[in-house]
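Have a look at the structure below before the remarks.
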Amino acid sequence: MKLVTIPLSHFCEKARWGLDRSGLTYDEQPYAPVLHRAGVMPRGSTTAPVLVLGRREGVAGSTAILEHCDRHGNGTILFPSDPAVNAEVRALVARFDRRLGPPLRAWLYSWAVQDRTRLAPYVTLGVAPAQRRVATAMLPVIQRILRIALRVTPDSHAVCAAKVDAELAFVSELLGDGRRFLVGDRFTAADLTFAALAGSGLSAPGYGGRGVTFPPAPAELAPQIATWRATPAGRYALTIYDDWR
């Protein structure tokens with residue numbers, strides 16, 4: 001199997017983590033942002049991750065890949081069989097995919113696209129040397145496409161930070177009753193999804209598994225990252241990385 005990724009992407013981290021946990025072996029096929037379409041469009045997708053199973057067969061999307069891991073992995077089930085618990089897990093996964101992943105991605109890129117020297121390390125992270133050269137040459141085009149795709153405005157960075165604040169506050173409130181996991185009494189797709197999607201904004205040690213080394217937090221972003229890390233939700237995500245990644 002091949003996993004088509006954007007190495008920096010927290011949705012790709014979610015899929016990568018699920019595959020690693022399930023014991024399924026795969027080769028990661030990393031692409032720079034925008035250039036990734038060459039890897040995913042032949043599989044009928046416009047976004048990464050995509051798990052390539054054969055010449056014409058693939059699984060698109062991080063949640064679908066986690067479901068594939070449950071069906072074909074080593075038995076470390078992420079979606080519990082109990083219908084009520086399963087529904088609660090799926091509701092949180094869908095919520096984080098919608099309310100945490102996109103604004104955190106836009107928070108980072110709305111800062112990075114302001115300056116090509118900021119953007120370059122994130123665009124070229126984890127890709128092969130030949131693709132790194134192409135991505136570097138295409139950096140002005142990638143910068144422009146990301147601005148348009150993410151609808152970057154002068155207020156985007158602050159607006160997206162506020163949305164992340166709200167979602168971390170939601171998780172902090174959930175954890176306020178002393179629960180060990182977000183749902184039930186064991187690690188599920190809800191915990192994995194939250195930690196993976198929050199991981200890039202927390203500069204979580206272990207983010208990317210064995211395949212990706214996350215760049216050090218720039219000085220301009222470090223105060224916000226420290227604030228998020230200090231919340232109950234941020235501390236929880238870092239603990240999940242320590243214990244389960």
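These numbers come from a predicted model, not from an experiment.
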Requested in this report: Can you establish whether the number of heavy atoms outside Glu173 located under 6.0 Å from its atom CD is more than 12?
Outcome: no

> Any donor-acceptor pair under 3.5 Å linking the side chain of Arg229 with the backbone of Leu202?
Replying inline: yes

Would Glu28 and Lys2 count as a side chain to side chain contact (heavy atoms under 4.5 Å, CB included) here? Give the steps. CA-CA 6 Å; Glu28 187 164 349; Lys2 292 183 180 179; over 6 Å; no

Per side chain to side chain contact (heavy atoms under 4.5 Å, CB included), Pro49 is matched among Ile65, Leu19, Val4 by Ile65

_For Glu167, is there an ion pair with Arg95 - N to carboxylate O distance below 4.0 angstrom?_
yes

Say whether, by atom type as modelled, one donor and one acceptor occur between the side chain of Asn86 and the main chain of Pro80 under 3.5 angstrom.
-> yes

Sorted by chain and number, sequence neighbours left out, ring-ring contact (aromatic ring centres under 6.0 Å, His included) with Phe187 holds for Trp244

inquiry  = Strictly distance-based, threshold 3.5 Å: is any side-chain N or O of Arg179 a donor or acceptor partner for the main-chain N or O of Leu174?
reply    = yes

| query | Is there a side-chain contact between Leu182 and Phe194, using heavy atoms and a 4.5 Å cut-off? | reply | yes

Sorted by chain and residue number, the side-chain hydrogen bond (donor to acceptor under 3.5 Å, both in side chains) partners of Tyr241 (sequence neighbours excluded) come out as Glu13

Leu104 side chain near Leu197 side chain, heavy-atom distance below 4.5 Å | no

The reported gap from CD in Glu220 to CD in Gln114 (rounded to nearest 0.5 angstrom) is 11.5 Å

Interatomic distance, OH@Tyr122 vs OG@Ser200, rounded to 0.5 Å, equals 10.0 Å

With sequence neighbours left out, the residues meeting ring-ring contact (aromatic ring centres under 6.0 Å, His included) with Trp107 are His157, Trp228

TODO: Taking the six-membered ring of Tyr109 (Phe, Tyr or Trp), confirm whether the NZ or CZ of Arg147 is under 6.0 Å from its centre and within 45° of its axis.
DONE: no

* Evaluate the criterion side-chain hydrogen bond (donor to acceptor under 3.5 Å, both in side chains) for residue pair Thr153 and Asp155; output intermediate values, then yes/no. => CA-CA 5 Å; Thr153 71; Asp155 297 329; 4.9 Å; no

- Query: Between the side chain of Asn74 and the main-chain N/O of Thr76, is any donor-acceptor distance below 3.5 Å?
  - Reply: yes

Report task. Please say whether more than 12 non-hydrogen atoms of neighbouring residues, nucleotides or ligands are located less than 6.0 Å from CG in Asp243. Result -> yes

*Carefully, step by step, assess Arg71 and Ile77 under the rule side chain to side chain contact (heavy atoms under 4.5 Å, CB included).*
CA-CA 8 Å; Arg71 290 192 299 271; Ile77 300 300; over 6 Å; no

- Which is it for Val59 and Val50 under the side chain to side chain contact (heavy atoms under 4.5 Å, CB included) test, yes or no, and what are the steps along the way? CA-CA 6 Å; Val59 181; Val50 172; over 6 Å; no

Run the side chain to side chain contact (heavy atoms under 4.5 Å, CB included) test on Leu8 and Val212 for me, step by step, so that the C-alpha distance in whole Å, both residues' side-chain angles and the decisive distance to 0.1 Å come before the verdict.
CA-CA 8 Å; Leu8 174 68; Val212 178; over 6 Å; no

**Prompt:** Just wondering, do Met138 and Leu35 contact through their side chains at under 4.5 Å, heavy atoms?
**Reply:** yes

Within 45° cone and under 6.0 Å: Arg245 NZ/CZ vs Tyr207 ring: no

So CG of Leu78 and OG1 of Thr63: to nearest 0.5 Å the spacing works out to 10.5 Å

